[in-house]
> 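Please find one structure pasted underneath; my questions will follow.
Values reported hereafter were calculated over all heavy atoms of this structure, with side chains retained and with hydrogens, waters and symmetry mates removed. We count ligands from 1, going down the list as the structure has it; atoms in each ligand are counted the same way.
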Amino acid sequence: MPKRPEDLRSHRWLGTPTLRSFGHRSRLLQIGYDREDFAGKPVIAIVNTWSDMNPCHVHLRARADEVKRGVWQAGGFPLEVPAMSLSENMMKPTTMLYRNFLAMETEELIRSQPVDGAVLLGGCDKTTPGLLMGAISAGVPAIFVPAGTMLRGNWRGEVLGSGTDAWKYWDEKRAGAISEDDWHEIEGGIARSFGTCMTMGTAATMMSMAEALGFTLPGASSIPAPDSAHARMATASGRRIVEMVWEDLTPNKLVTRGSLDNAIVTHAGLGGSTNALIHLVAIARRAGIPLSIDRFDEISRRVPVIADVRPSGRLLMEDFFYAGGLRAFLNRLASQLDLTCITVSGQTLGEGIAGAAVHHPQTIRTVEDPVYPPGGTVVLRGNLAPDGAVMKPSAAEPRLLQHRGPALAFESYDEMAAAVEREDLDVTRDHVLVLKNAGPLGGPGMPEWGMLPIPLKLVRQGVRDMVRISDARMSGTSYGACILHVAPEAYVGGPLAFVRTGDIIEIDVPNRRLHLDVPDDEVARRRAAWTVPPRRATRGYGVLFAEHVTQANDGCDFDVLGPGPELAEPEIH
Ligand code: FES
């Protein structure tokens, strides 16, 4: 049964004959609105992560206006609410430190104000999970407007991809293969428009997974940011959120075991970012659904990578859109999906992708002729990672997937960064680089340091990949035989803390094994001599983060932000 105006949450703020309602209404009139603008209408918060500091989101100011147009068209009352913008590019030490901050802010912005429904504007890496986590916890109907990816990069007619080609040409520059002038030209060509990174990095991965979870209109996540279809999608989302409020289509109806699996199938088929494992576990947890990272491994074993997008493939998100986008991609994987899951459109996922055709078969391939066979994302376990570690074999040199070699261990990023530039570093292509203290607490915030640079000496010898192990994350645009998210992290006394240079490490991807070949009694001796490092943060949010963040396999959410207990609506006195 649809809601009535007096059932709206905002009615308590705006519709009652009380002194407080008088105050709220008079302040809306102060802005210049008439009573006709809001009386009896759903109040729609447009949670906007626009910022001049975030080049991926500079168009979201315009998109907010386009969303408003749709809200007005459908008989709602739109109000824009700014939220923290997590600029992957600018924020240090890492946006991951602030994902939970955005999630908390989103939740509290909605809960504390007269909001009946929310439109979430974001896309740059951590903004997608941060917004979704907050909206799920807030519990009001919410629709996600993905920021969309930027246009392809260009350098002298060559297509450039965000991140991926930056790392590639940086190594070419280190090896002396390109000049300083070349490098500056690349700088001007690699990011040609507003929008997020256009490789299959964390942004494109998470926007696509948000669509598979049911949080966007069909096809929304693949539209390039500068395409006029993107503006129309924003307006349509504004119209739709008003209907969602009347229908009471809340996030807990979207996030189910089935839709979480659909998101994981999407991740596997895209060859998505390893960051997504952390984020989806956190999203599921907000919805009260336990999700293990092992589910990614299970589904990846049966779903091949069929999107030919870098870094696992050759092309970019703009090509993916022209090939038919996520609807066509999901159609190709329909047999793997739970098509009955409901989406923000009010239709099922199956209805949303029905009839979607692939226009470029080389870009969106088939299960029978994939870009990479099943197993594009794996979860490794062993005495070095009892709670799991993550790897993306599709972006690594195959020779490294079964490997045994001596560790070259570093206690900190700075120590590692200085060492890899040394000509006299005692390292071979068979070494395993190990970085400690880069996890949720050690980083802090688990920075994207996991693609450790290949030592300069080896770069000059032509080496472009080697095994690297850390408790850090890696940008989704990165590549290489990088084993990430080792849990528990070194900083809390996980086994990684006890690795020493020269120890033999075995990696066996087919058998999902990560092993430190050191006798148990020797590891125990090292553990006994280990002392807990001093806390890194000394004030403010950093202390809050350190006291409450969970490990990577638990989603790095705060322990106090799990599901329930249900919070009472705020008192209005
Ligand atoms: Fe924003 Fe890559 S820097 S998505």
Side-chain angles (χ1 to χ4, degrees), residues 48-61 63 83-99 101-102 120-132 144-153 159-170 186-211 216 220-227 230 267 270-276 278-279 309-312 316-318 320-321 326 395 445-451 473-479:
N48 194 354
T49 54
W50 167 88
S51 164
D52 266 342
M53 279 286 180
N54 191 341
C56 305
H57 288 186
V58 290
H59 57 307
L60 294 187
R61 257 197 172 163
R63 294 296 175 270
M84 187 182 207
S85 192
L86 307 181
S87 172
E88 192 62 32
N89 193 262
M90 297 288 180
M91 290 185 92
K92 309 296 174 204
T94 165
T95 52
M96 189 63 191
L97 190 62
Y98 299 103
R99 181 202 66 181
F101 196 128
L102 173 62
L120 313 168
L121 269 57
C124 184
D125 284 31
K126 317 303 179 287
T127 53
T128 301
L131 289 165
L132 293 184
F144 180 57
V145 172
T149 53
M150 68 175 93
L151 299 176
R152 299 184 192 101
V159 172
L160 295 179
S162 310
T164 305
D165 279 308
W167 322 131
K168 178 178 142 189
Y169 284 106
W170 178 242
I186 291 169
E187 190 174 299
I190 199 165
R192 291 174 47 233
S193 77
F194 50 78
T196 70
C197 294
M198 72 326 229
T199 41
M200 190 55 72
T202 306
T205 301
M206 288 309 303
M207 290 189 288
S208 304
M209 289 171 76
E211 178 169 340
T216 78
S221 66
S222 322
I223 306 171
D227 194 302
H230 196 269
H267 178 269
L270 292 174
S273 162
T274 46
N275 280 321
I278 298 174
H279 299 319
V309 179
R310 299 179 201 181
S312 295
L316 295 173
M317 285 304 291
E318 193 178 339
F320 183 75
F321 175 64
L326 199 79
M446 221 179 160
E448 292 186 339
W449 294 339
M451 191 175 83
R473 294 174 302 112
M474 168 173 100
S475 164
T477 63
S478 301
Y479 51 86

> Classify the ring geometry of Phe194 against His59: parallel below 30°, tilted from 30° to 60°, perpendicular beyond 60°.
parallel
> Of all residues at least two apart in sequence or in a different chain, which pass the side chain to side chain contact (heavy atoms under 4.5 Å, CB included) check with Ser273?
Thr202, Thr205, Asn275
> I'd like to verify the contacts: list protein N, O or S atoms under a distance of 2.8 Å from atom 1 (Fe) of ligand 1.
Cys56 SG, Cys124 SG
> Measuring only between side-chain heavy atoms, which start at C-beta, is Leu151 closer than 4.5 Å to Pro226?
yes
> Output yes when Arg310 and Asp165 qualify as a salt bridge under the 4.0 Å nitrogen-oxygen rule, no when they do not.
yes
> Flag yes if more than 12 heavy atoms outside Tyr169 fall under 6.0 Å of its OH atom; otherwise flag no.
yes
> Taking NZ, NE, NH1 and NH2 as the nitrogens, is one of them in Glu88 or Arg473 under 4.0 Å from a carboxylate oxygen of the other?
no
